[in-house]
Every structure is written in C-alpha cells, then in structure tokens.
Number of protein chains: 2
Amino acid sequence: MTSNSSHKDSCSCNVIHQDRVDRVKSKMPNEEKLYDLADLFKVFGDTTRIKIICALFEAEMCVCDIAVTLGMSQSAISHQLRVLKSARLVKYRRDGKIVYYSLDDEHVKNIFDQGFSHISHI
Amino acid sequence: MTSNSSHKDSCSCNVIHQDRVDRVKSKMPNEEKLYDLADLFKVFGDTTRIKIICALFEAEMCVCDIAVTLGMSQSAISHQLRVLKSARLVKYRRDGKIVYYSLDDEHVKNIFDQGFSHISHI
DNA sequence: TGAACACATGAACAATAATTCATATGTTCA
DNA sequence: TGAACATATGAATTATTGTTCATGTGTTCA
C-alpha cells in the first residue's frame, strides 16, 4: 500500500527505476509553482503577444500604435494586453483618453534572449 | 498611398505616433523568428511538459519512469516527449527496449530560472 | 520463433484560447 | 452637455491542443 508498485492504473509498465523515481519526485518543485510557470510561458506562446512585447522593448506605446504596428484590430490588441497585464508583464499609464503601455518586468528580456539563442542554434 | 494613414482597415483609430510606429516597425525581428519564438514558448506552456523538463533536470529517465513520477499514462507522456523532441529540447538513447530521455539544451535551465523569478516576484 | 514488454502513434473527443463583432466606458473639447 | 475618440469587454465563432483509446513497431529472451 506504499507508493511502491501501485501505479498500474496510470502506467501499464512496471517501475523500472524506483530509486530514481523517488529521488526525482522529492526534488520536483511543488505542483502550484509548476502550474504558474506553465501559465507564464503560455502567455509567451502566442505570436501576437510576442510581437507586442518585442514592440514594447523599443518604446512605450499606446494601444492604437501597437495595433497599427502589428496590422491588427484594436480589439484584438486590447484583449491580448489584458492577458499581458494580468501576467504582470506590462504596465500602463493613462494620459487623457490615451493609454500607454510599457514593459513591467526585468526577466522577459533575458527569457527572450535565451529563447532566441535556442531557436537560432542549429 | 504611402503607409501614412491607410490603416483604417485594421485599426479604427488614427495613427497617433507615426514616428514611433515606424521606428519600432523597423526594429522588430522578422516575422518568422517571432513565430518560432512563440512556438518554443508554446512548448513550455503546458504543465505536463514543464513537469517532464523539471524531472529531466534531475536525472535521465525512461518513459515509464516519467509516467510513474507524474502519475500519468505512458501514452500521454510519449506524446509530449515527441513535442519536446521536435523542439530539440530533449534527446534520447535506446538501451534494449528501454528509451532514456534527457535534456538537450543549455538555455532551458536559464529560461526556467528567469520564469521562476518572475512568478515568485510579488 | 513467438510471447512479453517498452514505447510510438493515429484518430477521436474534450477543453482551451484567439479573433471578430457589437457595444460599453471614460476622456476631451467645442 | 453632447459629439468624437481611445480603449475595454462580453459573447460567439473558429482554431488549436492535450488526453485517451486502440493498435502498431521494435527489442528481448525463453
């Protein structure tokens, strides 16, 4: 009744390396943290949002600027900015009727650079 | 007929900062690269794959090991390993009927660390 | 050789997410 | 105040993706 070989339900094979499994299991970050990490990367996993972030690397921009730069509708951009905002990746300031967005994170640039390194690596 | 104000189709607003738009546009990485980057992050945007990668940080593992560690079916793991493989994030070696997977990238660890930093940042 | 095993994979189904469309909110200015 | 504008947002639609189920492939060993 221990966690030794009661895995038949989830995996048809016998446990090959129980010691390794146990060790890795004990070293894994907790479930919630991994879930949050996946959620963060999910935000980066869309071309529109990638483009928005890349644009904001260069300059603070209003929603309309971004829409024109990307050749997309204001609504689509606004929806995606909402996602970026709730992931705390961008911040905004209001100036009259115009809302300016800018990056709000010191890690994104590094993450993107590492990402670019990976995809450029033959 | 220049690119000045012919954007009415994609964005209902007038161009607010044409200079900024032009400058940012010229500095944006090319479309294909951005698409590839999004594809890479899409791979990280799933809890199962995140868990697999975290497990492989600790040790080389066979498919069954991973399945047991994560409490998931062999098939589900195998499908996801395929995704990780085609993103060149994991490599494998065959030893008899057992296939061992391990990480095949020097950037992932950094990307994950930056990601963890972001989500831990209050 | 053939049974057993570890793994891979195609198809189907379920769940999630991106864009569009219509419209609402909040600000400016005449 | 009310018209015009920049942005936000809910609902619907379409597209994408993860898991399961059934089965195929490749290896070992009796």
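Lettering of chains follows the sequences in order, A, B, ..., and the numbering in each one begins at 1.
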Inset, instruction - Round to the nearest Å and state the distance from M61(B) atom CE to dA6(C) atom P. - result: 15 Å
Inset, instruction - Output yes when at least one side-chain N/O atom of R94(B) is less than 4.0 Å from OP1 or OP2 of dC7(C), else no. - result: no
Inset, instruction - Tell me what Y100(B) touches on the nucleic acid: a base, only sugar-phosphate, or nothing, going by heavy atoms under 4.0 Å. - result: nothing
Inset, instruction - Would you indicate what Y92(A) reaches in the nucleic acid, counting non-hydrogen atoms under 4.0 angstrom: base, sugar-phosphate, or nothing? - result: nothing
Legend entry - Donor + acceptor pair across side chains of D22(B), Q18(B) (<3.5 Å): yes
Legend entry - Closest non-hydrogen atom pair between E58(B) and V24(A), with its separation: CB-CG2, 3.8 Å
Legend entry - Side chain proximity check, Q74(B) to S78(B), heavy atoms < 4.5 angstrom: yes
Legend entry - Whole-Å distance separating the CG atom of L81(A) from the C1' atom of dT9(D): 13 Å
Inset, instruction - Using whole Å, report how far CD1 of I98(B) lies from C1' of dA4(C). - result: 13 Å
Inset, instruction - Using atom CZ of R82(A) as one end and atom C1' of dA11(D) as the other, report the distance to the nearest whole Å. - result: 13 Å
Inset, instruction - Using the six-membered ring wherever Trp is involved, compare the ring planes of F44(B) and F41(B) and label them parallel, tilted or perpendicular (cut-offs 30° and 60°). - result: tilted
Taking N or O atoms only and anything under 3.5 Å, show me the protein contacts with nucleotides 16-22 of chain C, one pair per line.
unit_1, atom_1, unit_2, atom_2, d
dA18(C), OP1, R49(A), NH1, 3.1
dA18(C), OP1, R49(A), NH2, 2.6
dA18(C), OP2, R49(A), NH1, 3.3
dT19(C), OP1, T48(A), OG1, 2.6
dT19(C), OP2, Q80(A), NE2, 2.8
dT20(C), OP2, S73(A), OG, 3.3
dT20(C), O4, H79(A), NE2, 3.2
dC21(C), N4, S75(A), OG, 2.7

Inset, instruction - Decide, yes or no, whether a salt bridge links E31(A) with K51(B) under the criterion of side-chain N to carboxylate O below 4.0 Å. - result: yes
Inset, instruction - Please state whether the phosphate of dA6(C), meaning OP1 or OP2, lies under 4.0 angstrom from any side-chain nitrogen or oxygen of Y101(B). - result: no
Legend entry - Closest non-hydrogen atom pair, R88(A) against H118(B): NH2-O, 3.1 Å
Inset, instruction - Mind listing the closest non-hydrogen atom pair of I50(A) and A38(B) along with its distance? - result: CG1-CB, 3.8 Å
Inset, instruction - Please collect all ring-ring contact (aromatic ring centres under 6.0 Å, His included) contacts where either partner lies in residues 80-100 of chain A, sequence neighbours excluded, each pair once. - result: Y92(A)-Y101(A), Y100(A)-H17(B)
Legend entry - Sole candidate of V68(A), L70(A), V63(A) that passes side chain to side chain contact (heavy atoms under 4.5 Å, CB included) when paired with I66(A): L70(A)
Legend entry - Distance in angstrom units between K97(B) NZ and dT27(D) P, rounded: 12 Å
Inset, instruction - Would you mind reading off the distance between L84(A) atom CG and dT9(D) atom P, rounded to a whole angstrom? - result: 14 Å
Legend entry - Relative orientation of the end axes in the helix from dT1(C)-dA30(D) to dA30(C)-dT1(D), expressed as an angle to the nearest 10° (five pairs per end): 20°
Inset, instruction - Round to the nearest Å and state the distance from K85(A) atom NZ to dA8(D) atom C1'. - result: 8 Å
